[in-house]
2 protein chains.
Amino acid sequence: MGNLKKRSECPISSSLDIWGDKWSLLIVRDLMISKQCTYGDFLKSEEKIATNILASRLQMLEENDVITKQEHPESKAKVLYKLTQKGIDLLPLMIEINLWADKYFTMPPERRVMLEEVKKDKDAFIASKRIELL
Amino acid sequence: MGNLKKRSECPISSSLDIWGDKWSLLIVRDLMISKQCTYGDFLKSEEKIATNILASRLQMLEENDVITKQEHPESKAKVLYKLTQKGIDLLPLMIEINLWADKYFTMPPERRVMLEEVKKDKDAFIASKRIELL
DNA sequence: TAAATTCGCTTGCGTTTTGCAAGTGCAAAT
DNA sequence: ATTTGCACTTGCAAAACGCAAGCGAATTTA
């Protein structure tokens, strides 16, 4: 299944080999907003990812150490997904995507609040989010 | 062909709808390194993009105002592709990808030189690159 | 405690996208 | 006048995607 083949030694290319598709960064986004999600949580988010695609992306991201599975504290039937350090390190990237999008799309009001905070002091925002996610 | 359908109002998702695939950001990368490229230049880069895929991505990026076509000064047979302002604004994002990759992959030596400069003063680097690309 | 429901996936299958090779049409060089 | 270069286009097989249904284990409900 989701095994990685590098197209080149270029760091951009190698990065895209892992999360360069329409869905992976949305999974990362959900984990940055919610800190931890179950399989069902991902399915609920508004872009409506197909369940087989979700499964393959989660596997890919786990194999590449961007996310980890943990057992749910209150049920063996549930699984918790979280970002690893490598995943949390995508935070600056995600923020730059938001800033770019802010310039060229209309932002939903809730995101706007967060972005104001980011614009005030980007590094501080990243630092506090980083702690929050660990 | 490459027409855009938004999956949601989320800025991350909308961004990915434009350049969220394995190839688009490599085209942007080439244009950030070379400032302007011909169709043939893109084909030459080491990831070896298929010509039909290249054509569809160039069209998509142009439709979404990330790149523009210009006529080549010395030949009507050639076409020059350049980044628009919207494309140049992807620079901070590209730099964050590089920084992330720097942490988790081995970097080719030439990129290392650039990254040292970035680490010394990120904003200054972006500012000078910005001017260079216009 | 048996039956129904929840949860995290897997499977099948039709559709779309990708990747490779070959081809086309215009421009420029020979 | 003919060949070469350049920017694509076309055809087709293979892979990835998207949708719906199914499945086994864990949990809840009757």
Side-chain angles (χ1 to χ4, degrees), chain A residues 1-8 13 16-27 30-31 34 36-64 66-82, chain B residues 1-8 13 16-27 30-31 34 36-64 66-82:
Chain A
M1 249 261 168
N3 71 87
L4 185 64
K5 42 199 152 192
K6 267 190 163 190
R7 288 171 296 173
S8 78
S13 164
L16 293 174
D17 287 337
I18 295 180
W19 46 256
D21 67 86
K22 295 234 172 303
W23 296 108
S24 296
L25 287 185
L26 295 184
I27 292 172
D30 287 351
L31 288 172
S34 300
Q36 51 191 28
C37 299
T38 64
Y39 191 89
D41 289 337
F42 292 119
L43 286 178
K44 272 175 229 145
S45 58
E46 66 173 327
E47 291 84 9
K48 297 272 159 278
I49 187 171
T51 173
N52 54 339
I53 307 293
L54 176 59
S56 80
R57 288 304 173 284
L58 288 173
Q59 191 189 330
M60 176 68 131
L61 290 172
E62 204 193 352
E63 279 172 6
N64 286 287
V66 174
I67 64 175
T68 20
K69 259 192 235 200
Q70 290 186 359
E71 56 181 37
H72 194 104
E74 52 191 54
S75 160
K76 274 183 188 171
K78 291 185 186 175
V79 178
L80 277 181
Y81 288 93
K82 290 190 64 176
Chain B
M1 249 258 170
N3 73 86
L4 186 63
K5 43 198 150 194
K6 268 190 160 190
R7 287 172 294 172
S8 79
S13 164
L16 293 174
D17 287 336
I18 295 180
W19 46 256
D21 67 87
K22 295 234 172 305
W23 296 106
S24 296
L25 288 185
L26 295 184
I27 292 172
D30 287 352
L31 287 171
S34 300
Q36 51 191 29
C37 298
T38 63
Y39 191 89
D41 289 338
F42 292 119
L43 286 177
K44 273 175 228 146
S45 60
E46 66 172 327
E47 291 85 10
K48 296 274 159 277
I49 186 170
T51 173
N52 56 338
I53 307 294
L54 176 58
S56 80
R57 288 303 172 280
L58 288 173
Q59 190 189 331
M60 176 68 131
L61 290 172
E62 204 194 350
E63 279 171 6
N64 286 286
V66 174
I67 64 175
T68 20
K69 261 193 232 197
Q70 291 186 357
E71 55 182 39
H72 194 104
E74 51 189 55
S75 160
K76 274 185 186 170
K78 291 184 184 173
V79 178
L80 278 181
Y81 289 93
K82 290 190 65 177

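None of these values were measured; they are calculated from a predicted model. Side chains included, hydrogens not; waters and symmetry mates left out as well; all remaining heavy atoms used. Lettering of chains follows the sequences in order, A, B, ..., and the numbering in each one begins at 1.
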**Item:** Distance, rounded to the nearest Å, where B/Lys76 contributes NZ and D/dC8 contributes P
**Value:** 16 Å

**Prompt:** Which nucleotide sits closest to the side chain of B/Thr38: D/dA7, D/dT27, D/dC8?
**Reply:** D/dA7

**Message:** Tell me the interatomic distance from A/Tyr39, atom OH, to D/dC23, atom P, rounded to whole angstroms.
**Reply:** 17 Å

**Prompt:** Quick one: is B/Trp23 getting a side-chain N or O under 4.0 Å of the C/dG19 phosphate, OP1 or OP2?
**Reply:** yes

**Prompt:** In whole angstroms, how far is the P atom of D/dG5 from the NZ atom of B/Lys44?
**Reply:** 12 Å

**Message:** On the nucleotide D/dC6, are OP1 or OP2 found under 4.0 Å from the side-chain N or O atoms that B/Tyr81 carries?
**Reply:** no

**Message:** Rounded to whole Å, please give me the gap between CG in B/Leu54 and P in C/dT18.
**Reply:** 13 Å

**Message:** Go nucleotide by nucleotide along DNA chain D from the 5' end; which of A/Ile53 and A/Ala77 gets its closest nucleotide reached first?
**Reply:** A/Ile53

**Message:** Checking contacts here: which listed nucleotide (D/dC17, D/dG18, D/dC8) is nearest the side-chain heavy atoms of A/Ala50?
**Reply:** D/dG18

**Asked** When you check the phosphate oxygens OP1 and OP2 of D/dC8, does a side-chain N or O of B/Lys69 lie under 4.0 Å from one of them?
**Response** yes

**Request:** Take atom CE of B/Met60 and atom P of D/dC8, then tell me their distance rounded to the nearest Å.
**Result:** 17 Å

**Message:** From CG of B/Asn52 over to P of D/dT10, roughly how many Å is that when rounded to an integer?
**Reply:** 11 Å

